[in-house]
Amino acid sequence: MTAGIEVCGLSKSFGPVRAVDDLTFHVEPGAVTGFLGPNGAGKTTTLRMLLGLIRPDAGSATIAGAAYRDIARPLTVVGAALDASGFHPARTGRTHLRVYCTVSGFAPQRADEVLELVGLASAGERRIGGYSLGMRQRLALAVALLGDPRILVLDEPANGLDPEGIVWMRRLLRGLASQGRTVLVSSHVLTEMQQLVDHVVIIDKGRLRFQGPVAELAGSQATVVEVRTGQSEQLYAALAARDGVDVEFDSAGRLLVSGLDAAAVGRTAFAAGIELHWLSERTGDLERLFFTMTSGAHRGGNASEVGV
Ligand SMILES: Nc1ncnc2c1ncn2[C@@H]1O[C@H](COP(=O)(O)OP(=O)(O)O)[C@@H](O)[C@H]1O
Ligand SMILES: [Mg+2]
């Protein structure tokens with residue numbers, strides 16, 4: 001029996017698309033875990049399987065030790081916000097929440113408490129049809145919090161929030177984690193998550209690429225060396241031939257090298273008689289690491305930088 005979330009060997013295909021491919025990871029209580037990957041990586045599909053909305057082809061996903069369908073009063077165990085578009089537009093935010101209270105046996109005042117928690121107290125009487133995307137995200141979060149659950153599962157909750165809203169959400173989620181709750185939050189934008197998450201689970205093409213503390217990710221593994229040369233194919237071959245070295249081209253035609261420091265990259269080039277035009281080392285640059293880990297599907301943050 002575990003207090004958090006366990007995903008084990010989870011797989012799901014849609015026709016020929018293997019959306020989730022033998023995925024195994026766990027999410028611990030008392031921390032915020034970022035579930036990261038580019039669009040189409042399989043995040044939403046994984047969360048939908050976790051919440052019993054679609055059936056996996058293989059593997060299992062449990063919440064506090066049980067499959068979602070076996071949890072007696074799910075709203076009191078796990079709060080989920082997967083999609084902020086499914087609200088009835090003619091209802092007010094408060095009515096929407098009160099319907100959930102009635103169905104789930106919570107006191108009607110709970111609706112006002114969660115409206116307050118998500119900063120929608122003054123908008124509770126307004127129709128949802130007039131809400132911005134950011135307000136609908138807050139309402140989805142309010143629904144997730146209704147049953148005061150120990151576990152929260154949020155799919156791209158920062159979507160549609162303005163920078164101020166993102167700061168607000170960061171504070172709220174950190175507060176919930178510091179009360180010992182399990183918080184799993186997905187995003188395709190690493191920078192949104194960088195100051196929020198303690199742990200990360202990074203996936204790409206349905207597969208696990210990394211899981212662990214964000215501090216570990218920002219450590220030695222996060223050293224990425226950027227190189228520009230007129231002989232990039234030759235340098236690619238020379239670097240890729242080395243053990244434990246990962247090389248990718250970025251969208252600007254630079255080589256991104258992980259597993260070596262700048263001096264070692266320079267030596268490799270020198271030994272192969274390759275002239276370098278530009279060489280730079282970034283340590284702890286999560287954005288770059290994310291880029292190399294997820295097959296360049298995500299553009300790095302410094303693409304405008306120009307070499308010599
Ligand atoms: N209901 C579906 N039918 C067909 N393909 C789907 C369906 N849901 C997701 N996919 C495909 O599965 C892959 C993963 O999608 P998704 O889980 O939504 O990724 P993410 O949430 O990381 O952006 C994508 O290639 C997507 O097109
Ligand atoms: Mg998604």
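Indexing begins at 1, ligand by ligand and atom by atom, following the structure's order. Numbers here are sequence positions counted from 1.
At under 3.5 Å, not a single nitrogen or oxygen of Thr46, backbone or side chain, sits near a nitrogen or oxygen of ligand 1. For Gly42, a nitrogen or oxygen atom sits less than 3.5 Å from a nitrogen or oxygen atom of ligand 1, counting backbone and side chain alike.
For Tyr100, the OH atom counts as loosely surrounded, since its 6.0 Å shell holds 12 or fewer non-hydrogen atoms of other residues, nucleotides or ligands. Within a 6.0 Å sphere centred on CD of Glu164, heavy atoms belonging to other residues, nucleotides or ligands number 12 at most.
The protein does not reach atom 27 (O) of ligand 1 closely, with no heavy atom under 4.0 angstrom from it. Less than 4.0 angstrom separates atom 6 (C) of ligand 1 from at least one non-hydrogen atom of the protein.
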Exercise for review: Let me see the working for Val225 and Leu256 under side chain to side chain contact (heavy atoms under 4.5 Å, CB included), right down to the final yes or no.
Suggested key: CA-CA 6 Å; Val225 179; Leu256 304 179; over 6 Å; no
Exercise for review: Step by step, work out the side chain to side chain contact (heavy atoms under 4.5 Å, CB included) result for Arg174 and Asp198.
Suggested key: CA-CA 9 Å; Arg174 290 226 59 86; Asp198 310 292; 2.9 Å; yes
Practice item. Apply salt bridge (charged side-chain N to carboxylate O under 4.0 Å, His left out) to Lys43 and Asp204, showing your working. Key: CA-CA 9 Å; Lys43 303 180 297 296; Asp204 186 34; over 6 Å; no
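Of all atoms in ligand 1, listed by their number and element, those nearer than 4.0 Å to a heavy atom of Asn39 are 23 (O). Short contacts between ligand 1 and Pro38, defined as distances under 4.0 Å to a heavy atom of the residue, involve ligand atoms 22 (O). Counting the atoms of ligand 1 from 1 in the order shown, those under 4.0 Å from a heavy atom of Ala19 are 12 (O), 13 (C), 14 (C).
Counting heavy atoms from C-beta on, the side chains of His188 and Glu156 come closer than 4.5 Å. Between Val227 and Trp278, the closest side-chain pair of non-hydrogen atoms is not below 4.5 Å.
Coordination check, Thr45 versus the Mg ion (ligand 2): failed, since every N/O/S atom of the residue sits at 2.8 Å or beyond.
Remark: minimum distance from atom 24 (C) of ligand 1 to any protein heavy atom is reached at Gly40 O, 3.9 Å. Among all protein heavy atoms, the one lying closest to atom 25 (O) of ligand 1 is Val17 CG1, 3.6 Å. Ranking protein heavy atoms by distance to atom 15 (O) of ligand 1, first place goes to Thr45 OG1, 3.8 Å. Atom 11 (C) of ligand 1 has its closest protein heavy atom at Phe14 CD1, 4.0 Å.
In this structure, Ser186 has no heavy atom closer than 4.0 Å to ligand 1.
The parts of Thr44 lying near ligand 1 are both backbone and side chain, judged by heavy-atom distances below 4.0 Å.
Ring centroid separation for the pair Tyr236 and Phe249 comes in under the 6.0 Å cut-off.
Remark: the Arg126 side chain and the Thr92 side chain contain no N/O donor-acceptor pair separated by less than 3.5 Å.
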